[in-house]
Amino acid sequence: ELTQRPLDAKQLQRVEDFLFRKAAFLSTEDVQPTDLRELVVLGRGNGGSVCKVLHVKSNIIMARKSIHLEIRPEVRNQILRELRILHKCSSPHIIGFYGSFWHDGEINILMEYMDGGSLDAVVRRIGRIPENVLAEITYCILDGLVYLRDKLSIMHRDIKPSNVLVSSDGDCKLCDFGVSGELHNSLANTFVGTRSYMSPERLQGQRYAVESDLWSLGLSLLEMATGVFPIPAENLKKGLAPMHPPPDKPLEAHAPDATQSMAIFELLANIVESEPPRLPDDAGFSDSFINFIDACLKREPSERMPLAELIQHPWLEDMRASQPVNMAEWVRSTMVPCE
Ligand SMILES: O=c1[nH]ccc2cc(OC[C@@H]3CCNC3)c(Cl)cc12
């Protein structure tokens with residue numbers, strides 16, 4: 001059995017609290033869009049936009065992801081049917097699901113609200129994430145991947161910093177995993193972006209499996225540790241992003257996104273043809289962290305360290321033992337004080 005850490009009592013309590021809130025919510029009849037009061041837009045990406053909403057009848061704050069799709073009723077009903085699998089998800093490392101509904105040309109997915117937001121926004125705000133914090137985050141991601149594989153027999157398909165969410169309670173959860181094949185097909189040609197976390201085998205249209213998620217994990221960790229998207233490898237030569245850039249000089253002023261200069265096709269060709277990127281060995285990262293990322297970033301999927309071994313990698317235990325993190329405190333330190 002994998003070395004799952006026993007959930008601490010507070011974490012278990014929060015999972016139960018969620019299920020209790022969800023029961024209260026489900027006791028209200030089917031969600032009508034008018035039941036939701038829009039509070040603030042949280043972000044855009046993955047084909048949709050995310051809004052913080054209040055479900056008025058149950059007085060629960062939620063995150064609603066809306067995906068505009070021009071599809072036939074049979075296809076959208078198939079998507080809603082497949083999304084219902086998410087009701088079976090109950091893990092401290094997987095975002096909670098309240099339900100989904102179609103309205104006015106959009107699939108709406110109601111999820112648990114995470115007040116710390118997504119890690120892409122955290123990195124934009126503070127520059128880069130300390131190694132010991134990344135070890136905690138990595139454990140949560142790996143445990144979430146184990147849960148998806150063992151309970152839903154699925155891989156994530158879209159591991160990247162913007163699909164990892166954190167909360168001021170110290171929780172760290174995966175979202176936007178590929179639970180609906182029909183939704184995946186409907187979104188197939190909507191890729192927009194200047195960077196890709198996709199594995200070489202997937203970019204080449206070859207068969208891919210959970211090892212492809214491990215490539216994406218390695219690339220995401222490299223980016224969050226250095227504050228720089230690591231492809232092309234030259235990006236890393238310019239040194240790390242400053243940690244906690246002075247508020248007067250927003251990060252953009254520091255590191256204009258070098259990948260913008262490289263067109264997306266050239267970038268994808270680089271991923272497939274070049275040696276995988278590595279953590280710099282003169283920037284203060286531990287050897288076991290460098291080794292962990294190397295174990296994920298093998299171009300050959302079969303050479304990547306399997307999930308069961310990664311979750312037991314010395315880096316996770318060493319970091320947790322030598323530099324333990326209070327995740328609740330750390331997340332709070334990254335949050336923008338409300339005006
Ligand atoms: O609180 C959330 N719950 C579920 C999903 C979610 C997604 C979020 O952001 C997703 C976008 C995608 C690209 N960057 C951020 C945020 Cl910022 C909060 C939540």
Side-chain angles (χ1 to χ4, degrees), residues 14-15 17-19 21-22 25 31 36-55 58 60-68 83 86-87 89-101 106-126 129 137 140-141 144 147-148 156-180 183-184 187 190-198 216 219-220 223-224 227 229 251-252 257 259 327-328 331-332 334-338:
R14 286 199 295 276
V15 173
D17 291 349
F18 170 79
L19 292 174
R21 273 200 311 275
K22 180 168 178 177
F25 164 71
V31 189
L36 301 171
R37 182 183 309 153
E38 296 187 357
L39 302 176
V40 67
V41 173
L42 293 171
R44 299 186 192 296
N46 310 345
S49 72
V50 183
C51 185
K52 181 180 179 182
V53 296
L54 170 69
H55 181 255
S58 62
I60 298 172
I61 295 279
M62 301 175 177
R64 181 196 66 199
K65 178 166 186 134
S66 306
I67 306 171
H68 180 80
L83 287 174
L86 292 171
H87 285 302
C89 275
S90 175
S91 155
H93 303 127
I94 299 289
I95 197 74
F97 173 72
Y98 286 108
S100 53
F101 60 95
E106 294 186 314
I107 290 274
N108 291 275
I109 303 173
L110 289 172
M111 295 173 277
E112 169 185 13
Y113 172 60
M114 298 285 277
D115 61 350
S118 54
L119 290 184
D120 63 318
V122 171
V123 171
R124 265 199 306 277
R125 271 201 305 276
I126 70 170
I129 298 177
I137 290 169
C140 297
I141 294 173
Y147 184 90
L148 292 177
H156 187 289
R157 287 182 193 274
D158 199 10
I159 291 288
K160 55 185 177 179
S162 68
N163 286 340
V164 181
L165 305 171
V166 289
S167 75
S168 57
D169 285 327
D171 283 324
C172 176
K173 306 192 181 197
L174 296 178
C175 74
D176 276 7
F177 39 90
V179 72
S180 161
L183 180 56
H184 178 254
L187 282 171
T190 62
F191 174 74
V192 174
T194 61
R195 54 180 64 173
S196 172
Y197 299 86
M198 268 192 199
S216 308
L219 216 56
S220 301
E223 179 182 16
M224 294 190 282
F229 184 70
L251 198 67
E252 279 64 29
D257 189 339
T259 47
M327 279 302 281
V331 173
R332 287 195 201 108
T334 71
M335 289 168 71
V336 182
C338 301

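Predicted model only: the values in this text are computed from it and were never measured. In each ligand, atom 1 is the first atom listed, and ligand 1 is the first ligand listed.
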Check [X] against ligand 1 and report side chain, backbone, both or neither, counting heavy atoms closer than 4.0 Å.
X    : result
D115 : neither
R44  : backbone
M111 : side chain

*For atom 3 (N) of ligand 1, which of R124, K160, E112 has the closest heavy atom?*
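Among R124, K160, E112, the closest heavy atom to atom 3 (N) of ligand 1 belongs to E112.
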*Proximal candidate to atom 19 (C) of ligand 1 [heavy atom criterion; set V41, L119, L165]*: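 The option holding the nearest heavy atom is L165.
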*Compute the centroid of each ring, for F25 and then for H55, and state whether the two points are separated by less than 6.0 Å.*
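Between F25 and H55, the centre distance is under 6.0 Å.
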*Going by distance only, is there an N or O of M114 that falls short of 3.5 Å from an N or O of ligand 1?*
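By distance alone, the answer is yes.
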*Just by distance, with hydrogens left out, do D115 and S167 show a side-chain donor and acceptor under 3.5 Å apart?*
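The criterion, which ignores hydrogens and geometry beyond distance, is not satisfied for S167 and D115.
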Does the side chain of [X] reach to within under 4.5 Å of the side chain of [Y], using non-hydrogen atoms?
X    : Y    : result
I137 : M327 : yes
N163 : H156 : yes
V164 : L174 : yes
N108 : V31  : no

Output the list of atoms in ligand 1 that are nearer than 4.0 Å to some heavy atom of [X], sorted by atom number.
X    : answer
S162 : 13 (C), 14 (N)
A63  : 1 (O), 2 (C), 3 (N), 4 (C)
Y113 : 1 (O)

*Would you say S118 touches ligand 1, if touching means a heavy atom closer than 4.0 Å?*
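Heavy atoms of S118 do come under 4.0 Å of ligand 1.
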Considering only protein heavy atoms, which is closest to [atom], and at what distance to one decimal place?
atom                    : answer
atom 10 (C) of ligand 1 : V50 CG2, 4.1 Å
atom 18 (C) of ligand 1 : L42 CD1, 3.8 Å
atom 14 (N) of ligand 1 : D120 OD2, 3.1 Å

*asked:* Closer than 4.0 angstrom, basic N to acidic O: yes or no for E223 and K160?
replied: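 Judged by the 4.0 Å cut-off on N to carboxylate O distance, E223 and K160 do not form a salt bridge.
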*Can a salt bridge be assigned to the pair D17 and R21 using a cut-off of 4.0 Å between side-chain N and carboxylate O?*
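Salt bridge absent between D17 and R21.
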*How are the rings of Y98 and F18 set to each other: parallel, tilted or perpendicular (split at 30° and 60°)?*
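Ring orientation, 0 to 90° scale: tilted.
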